[in-house]
Amino acid sequence: MIDIREATRIQAGEIARLIMTAMTDDCCLYFCGDGYGLEDFRRMMTKLVESENSQYSYKNTLVAMDGEKMVGISVSYDGGHLHELRKAFIEAAKKYIGKDHSNINDETQAGELYLDSLAVLPEYRRQGIARKLLRATKERANSMGLPCVGLLVDEDNSAGGALYVSEGFKYANESQWGGHPMKHLIL
């Protein structure tokens, strides 16, 4: 039985790995400076998940648990707080991956709960876990008084796009993030 619950700080390492799964290795490397790699990025993400004032904070994370095993995550936050939350990422990127991302494009805006990362372990996919996480994220938006959930999906991620559309997400506009063309969807 899969249980969806709030994350805890001690789960930061597992959450960071799943965030990186959602982002893809290519995207993670896109954000790294010369001479830095995936291990540096993972170390940075773990610190950001442990933090309480980061867009990737454990406080913004729902986890799907199969007993004591984390099998999926949903990381979401109020888009109106993006700039405040992103400060931690900008500082951590300078320290851990040697790159200044002060001028990074906004991927969300006020008025939406932004679903930053959704990932399920490969061996647990196609079991309805991502749908449970999406529905729990929508409940979180409702409890926060936000009218919609927004997300970016890579144009090459047809399976992810199909999942979101099947859950009621609608196309809003084109976007760019992590060096990839994206579609902004809202529910």
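Owing to the predicted nature of the structure, the values given are computational and were not obtained by experimental measurement. We number each residue from 1, following the sequence as shown.
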Taking all non-hydrogen atoms of both residues into account, name the closest pair between [X] and [Y] and its distance.
| X | Y | answer |
| --- | --- | --- |
| Ala136 | Ile4 | CB-CG2, 3.8 Å |
| Ala22 | Ser117 | CB-CB, 4.1 Å |
| Met144 | Asp78 | CE-CB, 4.0 Å |
| Met70 | Leu121 | O-CD1, 3.4 Å |
| Glu50 | Tyr58 | O-CE2, 3.5 Å |

Inset, instruction - Assign the ring pair His101 / Phe89 to parallel, tilted or perpendicular, where the plane angle (0 to 90°) is split at 30° and 60°. - result: tilted
Separation of [Y] [atom2] from [X] [atom1] (nearest 0.5 Å):
| X | Y | atom1 | atom2 | answer |
| --- | --- | --- | --- | --- |
| Ile19 | Tyr56 | CD1 | OH | 7.0 Å |
| Glu139 | Leu134 | CD | CG | 11.5 Å |
| Gln55 | His83 | CD | NE2 | 10.0 Å |

Return yes if some donor-acceptor pair links the side-chain N/O of [X] with the main-chain N/O of [Y] below 3.5 Å, else return no.
| X | Y | value |
| --- | --- | --- |
| Asp3 | Met65 | no |
| Arg125 | Ala130 | no |
| Ser57 | Asn53 | no |

Do [X] and [Y] share a hydrophobic cluster, counting only Ile, Leu, Val, Met, Phe, Trp and Tyr and linking them when any side-chain heavy atoms are less than 4.5 Å apart?
| X | Y | answer |
| --- | --- | --- |
| Ile129 | Val165 | no |
| Leu38 | Met23 | yes |
| Ile186 | Leu118 | no |

Inset, instruction - Verify the distance criterion only: is there a donor paired with an acceptor across the side chains of Ser74 and Thr137 at less than 3.5 Å? - result: yes
Legend entry - Pair Thr24, Asp26: side-chain N/O donor-acceptor within cut-off below 3.5 Å: no
Inset, instruction - Just grab all the ring-ring contact (aromatic ring centres under 6.0 Å, His included) pairs involving residues 143-165, residues at least two apart or on different chains. - result: Tyr164-Phe169
Legend entry - Ionic contact status for Glu107 with Arg86, cut-off 4.0 Å: yes
Legend entry - Pair Glu14 + Arg17, salt bridge at N-O below 4.0 Å: no
Legend entry - cation_pi(Lys99, Tyr30) dist<6.0 Å, angle<=45: yes
